[in-house]
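Since we're looking at a predicted model, the values are computed, not measured. Side chains included, hydrogens not; waters and symmetry mates left out as well; all remaining heavy atoms used. Labels below follow one simple rule: chain letters A, B, ... track the order of the sequence lines, proteins then strands, and each chain is numbered from 1.
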2 protein chains.
Amino acid sequence: MNQKIFVSAKEVADRAGVSRSAVSRTFTPGASVSEETRRRVMEAAEALGYHVNHLARGLMRNESGLVCLIVSEMDTPYRSSLIRAISHQLQAVSKIAMLINTDRSDKSVDDALRLAISYRADASIILSGMPDKSITDLCVKSGQRLVLINRDEEREGALMINLNDREAAHRAFIAFQRAGCRRLAFANSDVGTPSLKAREEGFVAAAIEAGVEVIVERFGPTRYQSGVILAQRLLTREARPDAIFCANDLLACGVMDTARHQFKLTVPDDICVIGFDYIEQCSWSSYDLTTFAQPVDQIAKEAVSWLTHPAKTDSIASQISPELVWRGSVRGG
Amino acid sequence: MNQKIFVSAKEVADRAGVSRSAVSRTFTPGASVSEETRRRVMEAAEALGYHVNHLARGLMRNESGLVCLIVSEMDTPYRSSLIRAISHQLQAVSKIAMLINTDRSDKSVDDALRLAISYRADASIILSGMPDKSITDLCVKSGQRLVLINRDEEREGALMINLNDREAAHRAFIAFQRAGCRRLAFANSDVGTPSLKAREEGFVAAAIEAGVEVIVERFGPTRYQSGVILAQRLLTREARPDAIFCANDLLACGVMDTARHQFKLTVPDDICVIGFDYIEQCSWSSYDLTTFAQPVDQIAKEAVSWLTHPAKTDSIASQISPELVWRGSVRGG
DNA sequence: TTGTAGGCGTTATCAA
DNA sequence: TTGATAACGCCTACAA
């Protein structure tokens, strides 16, 4: 069964009446081959169905063309749009994404990076979790490029792309104030990843600075269902909040639906809501959510261009300020 | 810079005081190595940070461990959940997904398959588009396994997993009839992929058989925005439909939102809606959509288990009947 | 511009 | 159980 019959460069060479090297050169951009030789080689290759063996090529060149994408919960709207953008950018520079599914544990991220090393991946892009320093050091030492997206932790030799979560949270607070909201709340998941924490801290800090109190509620993963629970907890309080900043859009959707359908509240009249991520669903007319836009394409471009450009060896941090997209879930604006 | 310094089996062997073969055997499951040798090798490997080079291993074994996933519009909820399920299943059998982003053209699918051949992928799984027969033949001839999901076209030597779209559409018709709907409509995209066509044809056929007329409207890609347009077209007709079967859930969401917010209709009292796919958003309380569930996990399992098991050489077709998940967008039930 | 020779890191084979 | 040796398919000098 597993008798894979691939045609090798030698066979092409024989058929074209040239040497193996000539075949190799034909498929190496910028190598010196005569027009005539190239033509004959291409003809033979076409006829035989020859394809350069990227495994063998990677072995020689020490460059596999593979880039490892490490993600958990990849079917989440924000994640999947980021994956799409990154894989698109990678293909534009003739690289290809190896997708690795991790659970929330950092151990599984370590394993993923080990796999990346085994496949001699040119780079690894980490969207979820935080690997151990020893393993990232090994990656970097092996010449692998490392990109950490929204990980908010330092790693030597890596590119770190982070959003300015605190500043964004501050702007959310101001938006609520302008809308005349009095009783602010922050709805967070309880997974406690750095960026989620930063959003909460930034929001609370801004409020304290202004002498305003904030209710913070945390529950579950950053999903719709958690938003439902969070809304139930927040909206049954004695002093019902009239503004909720949600750690991400999925939570916001759950919060809005619950506020409307279960508590018969009107958005934005009774309660204002702001989210984070800019997932497509939030533009649907059932939500029309004011939210911070993660610039997915920009993130992908920065990551990939750094992979291809020979950058400095010391680590680089990139700070991006997400744009606040005004829609109908906040009064005024 | 690009000076990748990887530690090889030889270095490990030297440090452990054994031969390269011993190292190789240590990392080959089921090979015969003494406990003592294994221990010393592992120790040296650990100290040096050795990782088996999968590129070289793939070269020898003629088995790369790579499986090519060919998808377009991968950030769509249904697609991303399928990708997640498949990559998860692949990892369970120690394979790894190479993700390839294609646009709608079949040409790019051909290119993707060429890439799969170049990387000596053990298999390719096609979720979008339909490649040329010549290229799939080459894949199969090269010993690559081929899986076509919802492609509805025959390819020699491939596993074809299809949903029974016609039968599902028939059940949708019956559901509407039981709900007492009189004026039926089908909302489709105009991209005309086989499964979308089949759903339309099945629905229309069922209606004709029962002597009922159906309005069919087609527009744009299978996205929310198309649903908005389709609803506008359908709901401004003289004889406004009181039941709409949508080719997929995203269309259904757009249709429902538009019916409610723009036309002030009530679901399911004024109009019943059925979707297709079972994306998470449809369970949100703003939609609560009755829909056909694509058994994503089952599809993934079937695909991956076929890859690993040495199956017959002739092509195999698998027909799956999607379950109708009853929710609040259809009366009665 | 072309061909020859050697090596990349691994595994399979075979003899010890 | 172990070690030497020959592939795997390719690329890169080097010499012609």
Side-chain angles (χ1 to χ4, degrees), chain A residues 2-42 44-45 48-66 117-122 142-143, chain B residues 2-42 44-45 48-66 117-122 142-143:
Chain A
N2 246 4
Q3 47 161 350
K4 305 206 180 186
I5 306 163
F6 287 101
V7 17
S8 73
K10 177 171 165 35
E11 298 172 60
V12 177
D14 288 349
R15 186 183 230 263
V18 296
S19 73
R20 267 154 295 186
S21 338
V23 178
S24 173
R25 280 191 279 261
T26 301
F27 288 97
T28 302
S32 87
V33 207
S34 72
E35 209 44 58
E36 167 62 8
T37 308
R38 147 168 275 118
R39 199 188 50 71
R40 277 166 57 190
V41 168
M42 288 306 272
L48 263 41
Y50 170 75
H51 288 80
V52 177
N53 187 331
H54 276 47
L55 264 37
R57 169 178 279 184
L59 201 55
M60 275 302 300
R61 292 206 182 149
N62 244 334
E63 198 176 330
S64 61
L66 264 21
I117 293 177
S118 288
Y119 275 101
R120 301 304 190 251
D122 298 336
S142 318
Chain B
N2 244 3
Q3 49 162 344
K4 307 205 178 185
I5 306 162
F6 287 101
V7 20
S8 73
K10 179 174 164 33
E11 299 173 59
V12 177
D14 288 349
R15 187 184 231 262
V18 296
S19 71
R20 266 157 292 177
S21 322
V23 178
S24 173
R25 279 191 281 262
T26 301
F27 288 97
T28 302
S32 86
V33 206
S34 73
E35 209 45 58
E36 168 62 9
T37 309
R38 147 166 275 118
R39 198 188 51 72
R40 277 167 55 191
V41 168
M42 288 306 271
L48 264 39
Y50 170 75
H51 288 80
V52 176
N53 187 332
H54 276 48
L55 265 34
R57 169 180 281 181
L59 200 55
M60 272 305 297
R61 290 208 183 145
N62 242 335
E63 198 177 330
S64 62
L66 264 20
I117 293 177
S118 287
Y119 275 101
R120 301 304 189 252
D122 299 335
S142 315

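- In the set D:dT2, C:dG3, C:dT2, the nucleotide with an atom closest to the side chain of B:Thr37 is D:dT2.
- Distances shown here put a side-chain N or O of A:Ser34 below 4.0 Å from the OP1 or OP2 atom of C:dT2.
- A pairwise comparison of heavy atoms in A:Ser64 and A:Arg120 identifies OG-O, 2.7 Å as the closest pair.
- In plain terms, the two heavy atoms of A:Thr37 and A:Ala22 that are nearest each other are CG2-CB, 4.0 Å.
- Here the closest non-hydrogen pair linking A:Gly17 and A:Arg40 is O-NH2, 3.6 Å.
- For A:Tyr50 against A:Val7, the heavy-atom pair with the smallest separation is CD1-O, 3.3 Å.
- No more than 12 heavy atoms of other residues, nucleotides or ligands shown are found within 6.0 angstrom of CD on A:Glu35.
- Smallest separation of non-hydrogen atoms from A:Val41 and A:Val23: CG1-CA, 4.0 Å.
- For the atom pair CZ (A:Phe27) and CE (A:Met42), the distance works out to 5.0 Å, reported to the nearest 0.5 Å.
- An angle of 30°, rounded to 10°, separates the two end axes of the helix from C:dT1-D:dA16 to C:dA16-D:dT1, each defined over five pairs.
- Considering only side-chain N and O atoms, B:Ser32 lies under 4.0 angstrom from the phosphate OP1 or OP2 of D:dT1.
- Between the CD1 atom of A:Ile117 and the C1' atom of C:dG9 there is a distance of 16 Å, rounded to whole Å.
- Few gaps surround CZ on B:Arg57; more than 12 heavy atoms of other groups in view lie less than 6.0 Å from it.
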Fill in the blank from the handout: In B/S/- notation (B base, S sugar-phosphate only, - none; protein heavy atoms under 4.0 Å), nucleotides 9-16 of chain D written 5' to 3' is BBBS----
